[in-house]
Asks: 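Sharing a structure here in structure tokens format.
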Amino acid sequence: MRFSIFEVFEKMFYIFLEPLDDESTEYDMEAAIRFEGFLSGKIRILFSMDIAKTMIQNMLGLKEDEITTQRMEDCSKEAVNMICGNFLGKLDSTKVFNLTMPSFRMETASIEPGKNACRMNFDSDEGKIGVIFDADGRV
Amino acid sequence: MSFNVLIVDDSNSMRAVIKKVISISGFKMDQCIEAGNGKEALKALTDNWVDVIISDINMPEMNGFELLKSLKDDDLLKNIPVILISTESSKERMQDAFNLGAKGFIKKPFTPEAVKKILYEVIGASNEKEDRGDNEVFDF
């Protein structure tokens, strides 16, 4: 999972993340996607405002005053979609998974991971992200 | 020689990135048409002729596979080369795509080099700009 997160952020957003132990970070928005297959679950990515803005600027070459909420939503949803697809492909490229359309919200709901979930936090010069991988078992 | 391209993706940002990557990859685009899903793409094709379609798979309304099927069933459109661009890259999904007539597959996240390589394979080196002086730097 970590490798997929690093790969997507480096290739698409030119942001270099480092693992962060501090779990008290507050985030400003969330994008999530659900996947189903031999393993099913949900991936949620929590973004700080700073990193969301940098992602757009780096990906689209925009200035700060050109950043809109719609673009932040678009970019965040694309990030969670790419991380999920990349991770599942690495998990088992012979298996087919169905991915839902990503969702987005400008606030973070409860970020307490469920009992089958794990949470990772990452830091960068441009801001922070949190990733919650919540597997709900084999189907 | 320049070409017309149809980019199909429900993400405005991703369409903008793909367009930019094609441009800096040294391929001359005459016209770049954008669509948010397969249905919009088919509608756009009633009014425009394109040389290549670059399409996402996971889209609302009509996904990339459904678009491929519709193109395959249309005598006027079935020969337009389609490159799928997606996060979904299982071997089975890729084989399904090629069975439906896709000519190339680009896995997200992608580099400009990967896009350039597939474009070369699908539409040929003849489309590359003659003057590529500034295009070696993939700064976008």
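Each chain gets a letter, A, B and so on, in the order the sequences are listed, and its residues count up from 1. Heavy atoms only: backbone and side chains are in, while hydrogens, waters and symmetry mates are out.
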Asks: State plainly whether one hydrophobic cluster holds both A:F87 and A:F38, where clusters connect Ile, Leu, Val, Met, Phe, Trp and Tyr through side-chain heavy atoms under 4.5 angstrom apart.
Replies: yes
Asks: Rounded to the nearest 0.5 Å, what's the gap from CG on B:N58 to SG on A:C84? Could you check?
Replies: 9.5 Å
Asks: Hey, which residues of residues 120-128 of chain A are touching chain B, say heavy atoms under 4.5 Å apart?
Replies: none
Asks: Any chance you could measure A:D74, atom CG, to B:D10, atom CG, to the nearest 0.5 Å?
Replies: 8.0 Å
Asks: Do A:F9 and A:F6 share a hydrophobic cluster, counting only Ile, Leu, Val, Met, Phe, Trp and Tyr and linking them when any side-chain heavy atoms are less than 4.5 Å apart?
Replies: yes
Asks: Answer with yes or no whether the hydrophobic clustering places A:V80 together with A:L39; edges join I, L, V, M, F, W, Y residues whose side-chain heavy atoms lie under 4.5 Å apart.
Replies: yes
Asks: Working note: B:V17 + A:L60, criterion side-chain contact (heavy atoms from CB on, under 4.5 Å); need CA distance, chi angles, decisive distance, verdict.
Replies: CA-CA 6 Å; B:V17 169; A:L60 300 175; 3.6 Å; yes
Asks: In terms of heavy-atom proximity below 4.5 Å to chain A, should B:M94 be classed as side chain, backbone, both, or neither?
Replies: neither
Asks: Please tabulate, one pair per line, all N/O donor-acceptor pairs under 3.5 Å involving side-chain atoms of residues 101-111 of chain B, not counting sequence neighbours.
Replies:
residue: B:K108; atom: NZ; partner: A:E78; partner atom: OE2; Å: 2.9
residue: B:K108; atom: NZ; partner: B:D9; partner atom: OD2; Å: 3.4
residue: B:T111; atom: OG1; partner: B:A114; partner atom: N; Å: 3.1

Asks: Are any of the side-chain heavy atoms of B:K20 and A:M59 separated by less than 4.5 Å?
Replies: no
Asks: Do A:K95 and B:S90 come close enough that some side-chain heavy atom pair is under 4.5 Å?
Replies: no
Asks: Heavy-atom distance under 4.5 Å to chain B: side chain of A:S4, backbone, both or neither?
Replies: neither
Asks: Check the pair B:M14, A:K77 against side-chain contact (heavy atoms from CB on, under 4.5 Å), reporting the backbone distance first and the verdict last.
Replies: CA-CA 11 Å; B:M14 192 49 68; A:K77 284 159 80 172; over 6 Å; no
Asks: What's the separation between atom OG in B:S13 and atom CE in A:M55, rounded to the nearest 0.5 Å?
Replies: 9.5 Å
Asks: Looking at B:K69, I want to see if its NZ is surrounded by more than 12 non-hydrogen atoms of other residues, nucleotides or ligands under 6.0 Å.
Replies: no
Asks: For the backbone of A:F97 and the side chain of B:R93, can you confirm whether one donor and one acceptor N or O come within less than 3.5 Å of each other?
Replies: yes
Asks: Report whether B:I85 and B:I53 are members of the same hydrophobic cluster (ILVMFWY, side-chain heavy atoms less than 4.5 Å apart, transitive linking).
Replies: no
Asks: Does one hydrophobic cluster hold both A:I33 and A:L88, with members joined at side-chain heavy-atom distances below 4.5 Å?
Replies: yes
Asks: At what distance, to the nearest 0.5 angstrom, does CD1 of B:I57 lie from CG of A:L99?
Replies: 10.5 Å
